[in-house]
Amino acid sequence: TRSPLLHASAAMDLDELSGGRMILGLGSATRRMNEDWFGVPFSAPAPRMQELVALVRAAIAAQAGVGFRWEGEHWKLDVPIYARPGAARKSIPIWVAAVNRGMIGAAGAVADALVGHPIATRRWHRDVTLPGLRAAEAKAGRVAGACALAPYVMTPRAPDRDTAVRAAKGQIGFYFHTAPSPPI
């Protein structure tokens, strides 16, 4: 829902402040979240994510002050003067949140890692995520394992077990509430 240049600029700010330790995480969210919560259209999430990652990488790399142009399928940008002196690095790792096959493919094609959804099971990662990543990497001409899997595991911390279980149930309920259907 944000401009790609805002993603790139914020990532470079945080990378500079952290001494080069920033990892940028990107996710498309669900149709419902985009349209109902943020009031933005939701179309072609996986192709848009692939282009977004490429665009953000190009914006981060374009630190010479000669302007920045991007002409893609989803974004067209023309910034006459674009400079970022003092950047900590010329590239920042980008991790993409994914749960469905389309976004798994997008992550495998362009991302440094896939952030697994907290409701995805080990079986889903074994049977769907990892084969999807490897196939997308191969199709994009990347080496196997170029996009690591970073599973997201909920681990609530609370003074007692009952409170921790309630917190976990609430978070799981939130995820099932925003998603049209859960993975196996």
Side-chain angles (χ1 to χ4, degrees), residues 1-4 6-50 52-53 56 60 88-89 92-134 136-137 145-184:
T1 61
R2 295 183 183 116
S3 157
L6 286 177
H7 285 305
S9 180
M12 287 187 284
D13 284 347
L14 290 171
D15 200 47
E16 185 178 338
L17 290 169
S18 70
R21 297 187 323 242
M22 169 68 180
I23 296 172
L24 176 60
L26 298 172
S28 66
T30 64
R31 174 179 301 279
R32 179 173 178 224
M33 293 170 80
N34 277 259
E35 293 176 352
D36 296 348
W37 296 13
F38 304 120
V40 297
F42 186 73
S43 64
R48 285 178 63 88
M49 181 59 72
Q50 280 188 248
L52 175 62
V53 171
V56 168
I60 290 169
R89 297 181 282 180
I92 293 173
I94 298 177
W95 293 15
V96 170
V99 69
N100 66 41
R101 287 173 175 84
M103 199 60 74
I104 290 167
V110 297
D112 297 302
L114 178 149
V115 179
H117 198 283
I119 61 172
T121 63
R122 284 185 283 185
R123 180 175 149 207
W124 179 262
H125 286 317
R126 182 188 64 240
D127 296 348
V128 178
T129 306
L130 289 172
L133 285 177
R134 301 299 89 93
E137 290 165 341
C147 181
L149 172 60
Y152 186 124
V153 178
M154 281 188 279
T155 53
R157 185 170 172 208
D160 61 82
R161 186 180 192 285
D162 289 341
T163 303
V165 168
R166 269 195 314 279
K169 286 179 178 181
Q171 193 64 46
I172 291 167
F174 167 78
Y175 284 124
F176 278 101
H177 174 71
T178 60
S181 59
I184 57 173

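Since we're looking at a predicted model, the values are computed, not measured.
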Where [X] and [Y] come nearest, the two heavy atoms and their spacing:
X    : Y    : result
A150 : W95  : CB-CZ3, 3.7 Å
G102 : A46  : O-CB, 3.4 Å
A109 : Q50  : CB-NE2, 3.5 Å
G27  : A97  : CA-CB, 4.1 Å
M154 : I172 : CE-CG1, 3.1 Å
A158 : A164 : CB-N, 3.6 Å

With rounding to the nearest 0.5 Å, note down the distance linking [atom1] in [X] to [atom2] in [Y].
X    : Y    : atom1 : atom2 : result
R122 : H125 : CZ    : NE2   : 10.5 Å
M12  : L14  : CE    : CG    : 11.0 Å
M49  : L26  : CE    : CG    : 5.5 Å
C147 : L133 : SG    : CG    : 5.0 Å
H117 : Y152 : NE2   : OH    : 8.5 Å
T129 : I104 : OG1   : CD1   : 4.0 Å

Is there a donor-acceptor pair under 3.5 Å between the side chain of [X] and the backbone N or O of [Y]?
X    : Y    : value
D112 : I94  : yes
W124 : I119 : no
R89  : M22  : yes

Side-chain touch Q171/P156, heavy atoms, less than 4.5 angstrom: no

